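Before any comments, here is the structure.
Start at 1 and go down the list; that is how both ligands and their atoms are numbered. None of the values given here were measured: they were computed from a predicted structure. Computation of the quantities below employed the complete heavy-atom set of this structure, encompassing side-chain atoms and omitting hydrogens, waters and symmetry-equivalent molecules.
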Amino acid sequence: MSMNIESKLNQFQFIARDVKKSYWTANIETKALDGISLNVGKGDFKMILGPSGSGKTTLMNILGGLDSADSGEIIINLGNGKFKDIRKFTNNELTNYRRKHIGIIFQFYNLIPILTALENVELAARFSGISSPKKKSKEYLSELGLGDKLNRYPNQLSGGEQQRVAIARALVKDPALILADEPTGNLDSVKTDEIYKILKKLSEDYNKTILIVTHDEDMANKYAKEHIYIKDGRLIRNQGKGVG
Ligand SMILES: Nc1ncnc2c1ncn2[C@@H]1O[C@H](COP(=O)(O)OP(=O)(O)O)[C@@H](O)[C@H]1O
Ligand SMILES: [Mg+2]
């Protein structure tokens with residue numbers, strides 16, 4: 001007997017079809033995404049590679065609900081058998097999506113400077129509506145080796161430590177999908193390796209779906225079997241087994 005639609009879809013974190021996005025400046029069109037179709041499985045750990053300006057950040061921002069596509073569809077698996085086209089979200093659904101279902105890790109950490117490490121994580125935890133936000137924030141920070149630095153402010157932490165706070169902030173809400181856009185672009189090679197190791201372990205321990213944009217082909221090869229290559233807003237290669 002064939003699988004029903006739900007159990008087939010349930011293998012996927014998202015299914016994107018022919019996603020297009022242009023930016024217009026002074027009547028000049030830049031096709032940032034020129035028809036991207038991509039399936040990512042639940043629990044996948046994938047690297048996104050491609051030259052500067054190829055559309056990687058645009059893709060991440062659209063997946064994360066920070067920007068919107070012009071056309072195409074992106075069916076996202078929100079868990080509990082719920083599948084939604086993120087292009088069809090209402091404003092409330094979009095806010096909810098960003099707060100509960102997506103964890104984003106940026107190159108420059110984007111921590112709130114007037115809040116301590118713990119408070120930065122706790123704020124995201126509260127917005128997501130999880131229970132025991134403070135307790136869970138402490139647990140994640142401790143797991144990431146920052147148990148003794150909970151009350152430090154961002155400017156009292158090293159770059160690597162700030163990025164670990166940002167990782168805790170992304171994870172504490174238990175999101176369906178974690179997106180990291182050049183998370184180590186600002187770190188030296190030792191710290192870079194440490195951050196990749198942490199992300200890889202998190203994906204294995206919690207079966208999280210993690211997509212990481214990187215310039216670093218060596219790190220990509222070291223930590224992920226599956227790479228997505230983008231050039232000129234198109235997918236040129238989706239290496240690896242994937243699903244479907
Ligand atoms: N807000 C914007 N306004 C105009 N053009 C943009 C904007 N954001 C990105 N672009 C253009 O879209 C293309 C893709 O950019 P981006 O997704 O940032 O690439 P990448 O992250 O791979 O370096 C580039 O040509 C870039 O200049
Ligand atoms: Mg970018």
Side-chain angles (χ1 to χ4, degrees), residues 13-40 44-74 76 86-87 89 91 94-95 97-98 102-111 159-160 162-163 166-167 169-170 175 177-189 191-193 195-196 198-200 209-224 226-240 242:
Q13 189 60 65
F14 67 83
I15 298 171
R17 283 283 157 266
D18 204 19
V19 176
K20 296 186 180 176
K21 171 76 182 181
S22 288
Y23 293 105
W24 292 86
T25 35
N27 291 326
I28 310 265
E29 181 180 16
T30 302
K31 288 184 178 176
L33 298 183
D34 192 15
I36 294 253
S37 296
L38 175 65
N39 303 335
V40 166
D44 279 2
F45 184 83
K46 291 194 178 193
M47 301 286 185
I48 300 178
L49 293 143
S52 181
S54 57
K56 304 180 298 296
T57 292
T58 304
L59 177 63
M60 297 292 260
N61 287 345
I62 289 172
L63 289 170
L66 302 174
D67 202 347
S68 58
D70 298 331
S71 62
E73 60 182 359
I74 303 168
I76 184 105
I86 67 173
R87 294 196 56 234
F89 279 151
N91 280 339
L94 192 59
T95 302
Y97 175 66
R98 286 195 295 246
I102 291 289
I104 298 188
I105 300 162
F106 301 96
Q107 179 174 352
F108 295 105
Y109 329 130
N110 291 9
L111 300 176
Q162 289 183 61
Q163 193 57 303
I167 292 171
R169 179 183 58 184
L177 175 60
I178 293 167
L179 303 169
D181 193 354
E182 309 210 27
T184 63
N186 212 26
L187 300 174
D188 66 36
S189 58
K191 292 277 184 279
T192 293
D193 200 72
I195 294 292
Y196 279 112
I198 287 169
L199 290 170
K200 176 80 176 174
T209 311
I210 304 185
L211 295 186
I212 305 172
V213 170
T214 183
H215 269 120
D216 197 331
E217 193 119 10
D218 290 342
M219 281 294 153
N221 289 329
K222 183 169 173 190
Y223 286 102
E226 310 194 12
H227 304 160
I228 296 160
Y229 289 89
I230 294 176
K231 197 181 172 207
D232 298 330
R234 292 165 179 269
L235 197 84
I236 53 169
R237 194 146 47 98
N238 186 5
Q239 173 223 65

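When distances from atom 26 (C) of ligand 1 to the protein are checked, no heavy atom turns up under 4.0 Å. Shown here, atom 10 (N) of ligand 1 is in close reach of the protein: a heavy atom of it lies under 4.0 Å off.
Scanning all heavy atoms of the two residues, the minimum distance from D34 to R234 falls at OD2-NH2, 3.1 Å. Listed here is the closest heavy atom pair of Y97 and L63: OH-O, 2.6 Å.
Remark: E73 does not engage R17 in a salt bridge, criterion side-chain N to carboxylate O under 4.0 Å.
Protein heavy atom in closest approach to atom 8 (N) of ligand 1: Y23 CE1, 3.4 Å. Of all protein heavy atoms, the one lying nearest to atom 14 (C) of ligand 1 is G53 O, 3.4 Å. Ranking protein heavy atoms by distance to atom 12 (O) of ligand 1, first place goes to A32 CB, 3.5 Å. The protein atom (non-hydrogen) at minimum distance from atom 15 (O) of ligand 1 is T58 OG1, 3.9 Å. Counting protein heavy atoms only, atom 18 (O) of ligand 1 is closest to T57 CB, 3.7 Å. In this structure, atom 22 (O) of ligand 1 lies nearest to the protein heavy atom K56 NZ, 2.8 Å.
Between atom CG of residue D181 and atom OG1 of residue T57 there is a gap of 3.5 Å, rounded to the nearest 0.5 Å.
Ligand-side atoms of ligand 1 in range of S52: 23 (O), range being under 4.0 angstrom from any heavy atom. Ligand-side atoms of ligand 1 in range of P51: 22 (O), range being under 4.0 angstrom from any heavy atom. Atoms of ligand 1 found under 4.0 Å from any heavy atom of S54 (numbered from 1 in listed order, with element): 19 (O), 20 (P), 22 (O).
Considering backbone and side-chain atoms together, G55 places an N or O closer than 3.5 Å to an N or O of ligand 1. Checked against a 3.5 angstrom limit, the closest N/O atoms of T30 and ligand 1 fall outside it. Residue contacts with ligand 1: T25 is placed with no nitrogen or oxygen under 3.5 Å of a nitrogen or oxygen of the ligand (distance criterion only).
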Please lay out, stage by stage, how L49 and I230 fare under the test side chain to side chain contact (heavy atoms under 4.5 Å, CB included). CA-CA 6 Å; L49 293 143; I230 294 176; over 6 Å; no

K20 and K31: CA distance, side-chain angles, deciding distance, side chain to side chain contact (heavy atoms under 4.5 Å, CB included) verdict: CA-CA 8 Å; K20 296 186 180 176; K31 288 184 178 176; over 6 Å; no

Before you tell me yes or no, could you show the steps for T58 and Y23 under side chain to side chain contact (heavy atoms under 4.5 Å, CB included), namely the whole-Å CA-CA distance, both residues' side-chain angles and the distance that decides it to 0.1 Å? CA-CA 10 Å; T58 304; Y23 293 105; 3.6 Å; yes

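Below 30°, between 30° and 60°, or above 60°: for Y196 and Y223 the angle between ring planes is below 30°, a parallel geometry.
For the pair K231 and Y229, the cation does not sit on the ring face, since its NZ or CZ is not both under 6.0 Å from the ring centre and inside 45° of the axis.
Inter-residue side-chain proximity for T209 and F45 is flagged as unmet; no heavy-atom pair is nearer than 4.5 Å.
Checking M60 against the Mg ion (ligand 2), every N/O/S atom stays at or beyond the 2.8 Å cut-off.
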